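One structure is given here, and the rest of the page talks about it.
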Amino acid sequence: MLLFACQETPKQQDDFSSQTPAEQGASLYSMHCAQCHGEDGKLGASGAKDLSASKLSDQQVIHLIKKGKGAMPSMKALLETDQNINLVLSHIKGLRR
Ligand code: HEC
């Protein structure tokens, strides 16, 4: 009984890894970016740029996510891996018009 309990993985982790890459990108965005940029990228809280109007290249976005810019803090520690950064990048490109 005790052994069984130890083998249980935390539920949140389970949910995340069972999502598709697109869903993972959306979850990461909701968790770490939406409070400033809004779910549709247009919120603009604390001076955040409208992501639907962004014309930055992939490299520029990755650089900005890692280093931060102005009022936007570096998101590197929160996103943890390059893979997660790429998932978020795909998601925000989907918000562009
Ligand atoms: C604390 C608020 C805040 C959070 C959280 C935040 N941002 Fe930002 N973001 C900003 C601000 C402010 C700017 C404008 C920076 C500047 O140009 O001075 C910005 C700019 C950007 C830009 C540049 C848009 C352009 O065309 O110039 C991108 C891309 C971006 N953010 C993506 C993200 C992503 C992806 C996340 C989540 C991983 C995120 N941001 C989280 C505040 C935030």
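Only a predicted model underlies this, so the values are computations on that prediction, with no experimental measurement involved. Ligands are counted one by one from 1 in listed order, and the atoms in each one are counted from 1 as well. Below, all heavy atoms of this structure are taken into account, side chains as well, without hydrogens, waters or symmetry copies. Numbers here are sequence positions counted from 1.
- What you find for Leu43 and Ala34 is that their closest heavy atoms are CD2-O, 3.9 Å.
- A donor-acceptor pair is defined here as one N or O able to donate and one able to accept, closer than 3.5 Å; such a pair exists between the side chain of His37 and the backbone of Lys49.
- The main-chain N or O of Ala77 is never found under 3.5 Å from a side-chain atom of Glu80 such that the two would form a donor-acceptor pair.
- A salt bridge is absent between Arg96 and Asp50: the closest approach of a Lys/Arg side-chain nitrogen to an acidic carboxylate oxygen does not fall below 4.0 angstrom.
- Evaluation of the ring-ring contact (aromatic ring centres under 6.0 Å, His included) test over residues 39-84, restricted to residues two or more places apart or in two chains, returns none.
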For ligand 1, list every N/O pair with the protein closer than 3.5 Å, one pair per line with the distance.
| from | atom 1 | to | atom 2 | distance (Å) |
| --- | --- | --- | --- | --- |
| ligand 1 | 7 (N) | His37 | NE2 | 2.8 |
| ligand 1 | 9 (N) | His37 | NE2 | 2.9 |
| ligand 1 | 17 (O) | Lys49 | NZ | 2.9 |
| ligand 1 | 17 (O) | Lys69 | NZ | 3.4 |
| ligand 1 | 26 (O) | Ser54 | OG | 2.7 |
| ligand 1 | 31 (N) | His37 | NE2 | 2.9 |
| ligand 1 | 40 (N) | His37 | NE2 | 2.7 |

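- Rounding to the nearest 0.5 Å gives a distance of 7.0 Å between CD of Gln35 and SG of Cys33.
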